[in-house]
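Structure first, then comments.
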Amino acid sequence: MNFKGLDFKATDIKAKYFLNDGLIDVELYIRGFKENDSRYKSLAFLYLDHLVGEYLIMTKIGVIGFKKPGLFTKTSALVTLQELSELIKALV
């Protein structure tokens, strides 16, 4: 997808999730993420809407955080957006 000149794929986003009082809090790790560039968050939300669904995002996801993967990010604890979608749907 492309949003206002920024282009990255869903595979450039990985997620970590935490169960929190009936909701799922999510941290999104976006390759190349720049905190001061709101296009990254906007495009990540578009992918979430597309892959998870707006209804599930509004009713099952609590907090959504955005981060850039670092050298010490444990990739084994991260899932793809497709895997996140399946996990959320399994909890419904």
Side-chain angles (χ1 to χ4, degrees):
M1 276 192 220
N2 184 302
F3 182 76
K4 295 185 179 182
L6 178 65
D7 189 22
F8 60 82
K9 299 174 182 162
T11 55
D12 291 330
I13 306 171
K14 302 289 188 225
K16 186 186 287 187
Y17 64 95
F18 311 90
L19 297 179
N20 184 11
D21 198 27
L23 294 175
I24 300 168
D25 292 344
V26 177
E27 289 180 353
L28 297 179
Y29 291 82
I30 306 168
R31 183 178 296 143
F33 177 70
K34 295 179 181 149
E35 180 70 38
N36 61 347
D37 189 344
S38 64
R39 297 177 303 164
Y40 283 90
K41 292 179 183 179
S42 296
L43 192 49
F45 273 119
L46 288 172
Y47 276 117
L48 278 175
D49 278 351
H50 179 71
L51 293 171
V52 176
E54 185 176 0
Y55 176 77
L56 291 178
I57 291 170
M58 300 302 291
T59 60
K60 298 298 177 191
I61 293 182
V63 176
I64 300 175
F66 301 88
K67 297 184 175 194
K68 180 179 182 177
L71 289 175
F72 300 105
T73 303
K74 290 185 179 182
T75 56
S76 62
L78 303 179
V79 297
T80 66
L81 290 183
Q82 185 64 40
E83 291 169 326
L84 179 66
S85 173
E86 292 167 13
L87 289 165
I88 293 169
K89 289 173 184 173
L91 294 173
V92 174

*Could you go through the side-chain contact (heavy atoms from CB on, under 4.5 Å) check for Val79 and Lys14 one step at a time?*
CA-CA 5 Å; Val79 297; Lys14 302 289 188 225; over 6 Å; no

_According to a hydrophobic-cluster definition based on side-chain heavy atoms being under 4.5 Å apart (Ile, Leu, Val, Met, Phe, Trp, Tyr only), do Tyr55 and Leu48 belong together?_
yes

*What closest approach, in Å, do Leu51 and Leu81 show between heavy atoms, and which atom pair accounts for it?*
CD1-CB, 3.6 Å

*asked:* Let me check something: do Leu6 and Met1 share a hydrophobic cluster, defined by ILVMFWY side-chain heavy atoms less than 4.5 Å apart, either directly or through other members?
replied: yes

*Does the side chain of Leu56 reach to within under 4.5 Å of the side chain of Ile61, using non-hydrogen atoms?*
no

*Using the side-chain contact (heavy atoms from CB on, under 4.5 Å) rule, take Ile88 and Tyr17 through it: C-alpha gap first, then chi angles, then the decisive distance, then the call.*
CA-CA 10 Å; Ile88 293 169; Tyr17 64 95; over 6 Å; no

*Point-to-point distance, once rounded to the nearest 0.5 Å, from CD of Glu54 to CE of Met58*: 6.5 Å

*Determine the interplanar angle of the Phe33 and Phe66 rings, folded into 0 to 90°, and report it as parallel if under 30°, tilted if 30 to 60°, perpendicular if over 60°.*
parallel

*Side-chain heavy atoms under 4.5 angstrom apart, residues restricted to Ile, Leu, Val, Met, Phe, Trp, Tyr: same cluster for Tyr29 and Val26?*
no

*Honestly curious: do Val63 and Val52 fall in one hydrophobic cluster under the side-chain, below-4.5 Å linking rule?*
no

_How long is the straight-line distance from CG of Asp25 back to CG of Leu23, given to the nearest 0.5 Å?_
7.0 Å

*Taking Arg39 for its side chain and Lys4 for its backbone only, find out whether a donor-acceptor pair lies under 3.5 Å.*
yes

*What pairs with Lys34 under salt bridge (charged side-chain N to carboxylate O under 4.0 Å, His left out), at least two apart in sequence or on another chain?*
none

*Search all heavy atoms of Leu84 against all heavy atoms of Ala15 and return the closest pair with its distance.*
CD2-CB, 4.0 Å

*Quick one: closest heavy-atom pair of Ile30 and Pro69, and the distance?*
O-CD, 3.2 Å

_Heavy-atom side-chain proximity of Thr11 to Thr80 below 4.5 angstrom_ = no

*With no hydrogens and no angle check, is any side-chain donor or acceptor of Tyr40 less than 3.5 Å from a backbone partner on Gly32?*
yes

*Does any N or O in the side chain of Asn2 come within less than 3.5 Å of the main-chain N or O of Gly5, such that one atom is a donor and the other an acceptor?*
yes

*How far apart are the closest heavy atoms of Ser42 and Phe3, and which atoms are they?*
CB-CE2, 3.4 Å

_Test of understanding: clusters of I, L, V, M, F, W, Y form through side-chain heavy atoms closer than 4.5 Å, transitively. Do Leu78 and Leu87 belong to the same one?_
no

_Any non-hydrogen side-chain atom of Leu28 less than 4.5 Å from a side-chain atom of Tyr47?_
no

*Are Glu35 and Lys67 within salt-bridge range, i.e. N to O under 4.0 Å?*
no

